[in-house]
Amino acid sequence: AQRVTQPEKLLSVFKGAPVELKCNYSYSGSPELFWYVQYSRQRLQLLLRHISRESIKGFTADLNKGETSFHLKKPFAQEEDSAMYYCALRGDTGGFKTIFGAGTRLFVKA
Amino acid sequence: EAGVAQSPRYKIIEKRQSVAFWCNPISGHATLYWYQQILGQGPKLLIQFQNNGVVDDSQLPKDRFSAERLKGVDSTLKIQPAKLEDSAVYLCASSLDTGLSGNTIYFGEGSWLTVV
């Protein structure tokens, strides 16, 4: 069964501090992992995907298959990073369905 | 390009009434999703279509929820009869599913349902 766990509902940091949003998953095959973000009054949108191995808005995420994790990191948080962040997993079989974690609200304080 | 369109944006109904939501995905997108998002929770997949066929509806409460995607384009999600616990945002989304970035899901703004 597919499962995505985001252990923190809320993460509050000061501007300029490092940020790490945790994501752990459970899946027996080779999934594709994503981070989606929802800014205030905007629709849910893709932030980054593990296969791209890119940095978006200063955020990076590395897929660790041994620890089944896909944590999102940024070295210096900005106030505009305040948003809801969702980790998502797309399976590689059985319909290729995409499921989401419960989300973490990031609040960056001035 | 135009995004995923949903209507109505807001709906308030009494329990045991029925409601229908409509979704128009991004042109050319093969896969269409309906997610239910209850306040404080992440999106929960209700049903996933590939063109006009269902690939997953394991989380759809089939005694009261139904969905169809006629001609592999637009989709409707219906709830009949509604219960209080159906109060949620219903998110429609679509993805291309071909090419390097084809698995990116594009979301609509959501249809907010309140059952009283």
Side-chain angles (χ1 to χ4, degrees), chain A residues 1-10 21-25 27 29-54 56 63 70 72 83-106, chain B residues 1-7 9-10 23-26 29-51 53-60 69 88-112:
Chain A
Q2 295 173 229
R3 185 177 299 135
V4 175
T5 303
Q6 293 180 250
E8 304 136 330
K9 277 195 168 297
L10 173 66
L21 288 80
K22 292 184 168 53
C23 172
N24 290 91
Y25 67 91
Y27 188 72
S30 295
E32 189 171 358
L33 274 295
F34 305 80
W35 277 98
Y36 283 79
V37 61
Q38 188 166 28
Y39 301 103
S40 179
R41 285 186 284 278
Q42 294 187 28
R43 60 183 74 189
L44 197 54
Q45 58 188 288
L46 177 71
L47 178 63
L48 55 78
R49 48 199 292 157
H50 90 267
I51 62 171
S52 299
R53 302 186 66 81
E54 58 194 344
I56 303 292
L63 179 61
F70 187 57
L72 183 68
M84 279 295 297
Y85 291 81
Y86 295 94
C87 183
L89 179 153
R90 182 179 189 270
D92 63 347
T93 59
F96 305 94
K97 68 180 184 181
T98 301
I99 63 167
F100 286 76
T104 298
R105 178 166 295 282
L106 174 64
Chain B
E1 98 192 327
V4 176
Q6 291 187 244
S7 67
R9 290 292 320 281
Y10 305 94
C23 174
N24 181 233
I26 293 173
H29 279 197
T31 304
L32 185 146
Y33 314 77
W34 283 102
Y35 287 88
Q36 179 193 57
Q37 187 169 23
I38 293 172
L39 189 63
Q41 300 182 18
K44 171 187 166 186
L45 180 65
L46 292 177
I47 188 166
Q48 180 174 329
F49 294 94
Q50 180 85 11
N51 297 308
V54 175
V55 294
D56 192 280
D57 63 356
S58 56
Q59 298 284 304
L60 188 73
R69 190 183 184 195
V89 180
Y90 291 86
L91 296 168
C92 182
S94 68
S95 61
L96 188 60
D97 277 340
T98 57
L100 190 62
S101 61
N103 299 336
T104 299
I105 295 178
Y106 295 86
F107 284 86
E109 293 181 294
S111 292
W112 295 67

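Nothing here was measured: the structure is a model prediction, and the numbers come from that model. Protein chains get the first letters and strands the later ones, always in sequence-line order, with residue 1 at the start of each.
Note: Gln48(B) leads Gln48(B), Gln41(B), Lys44(B), Gln37(B) in heavy-atom pairs under 4.5 Å with chain A.
Taking CZ of Arg49(A) as the reference point, atom CG of Asn103(B) lies at 5.5 Å (rounded to 0.5 Å). Note that the CG atom of Leu45(B) and the CZ atom of Phe100(A) stand 9.0 Å from one another [nearest 0.5 Å]. For the atom pair CG of Asp57(B) and NZ of Lys97(A), the computed distance is 10.0 Å after rounding to the nearest 0.5 Å.
Counting non-hydrogen atoms of neighbouring residues, nucleotides and ligands closer than 6.0 angstrom, the CZ atom of Arg9(B) exceeds 12 such neighbours. Other residues, nucleotides and ligands contribute at most 12 non-hydrogen atoms within 6.0 Å of the CG atom of Leu39(B).
Distance alone, capped at 3.5 Å, is enough to place a donor-acceptor pair between the Arg43(A) side chain and the Val4(B) backbone. The backbone N or O of Ile105(B) lies less than 3.5 Å from a partner atom in the side chain of Tyr36(A), making a donor-acceptor pair.
The two residues Gly101(A) and Pro43(B) have their closest heavy-atom pair at O-CD, 4.3 Å.
The ring of Tyr86(A) has its center no closer than 6.0 angstrom to the ring center of Tyr35(B).
With a threshold of 4.5 angstrom between heavy atoms, Thr31(B) does not approach chain A through any atom at all.
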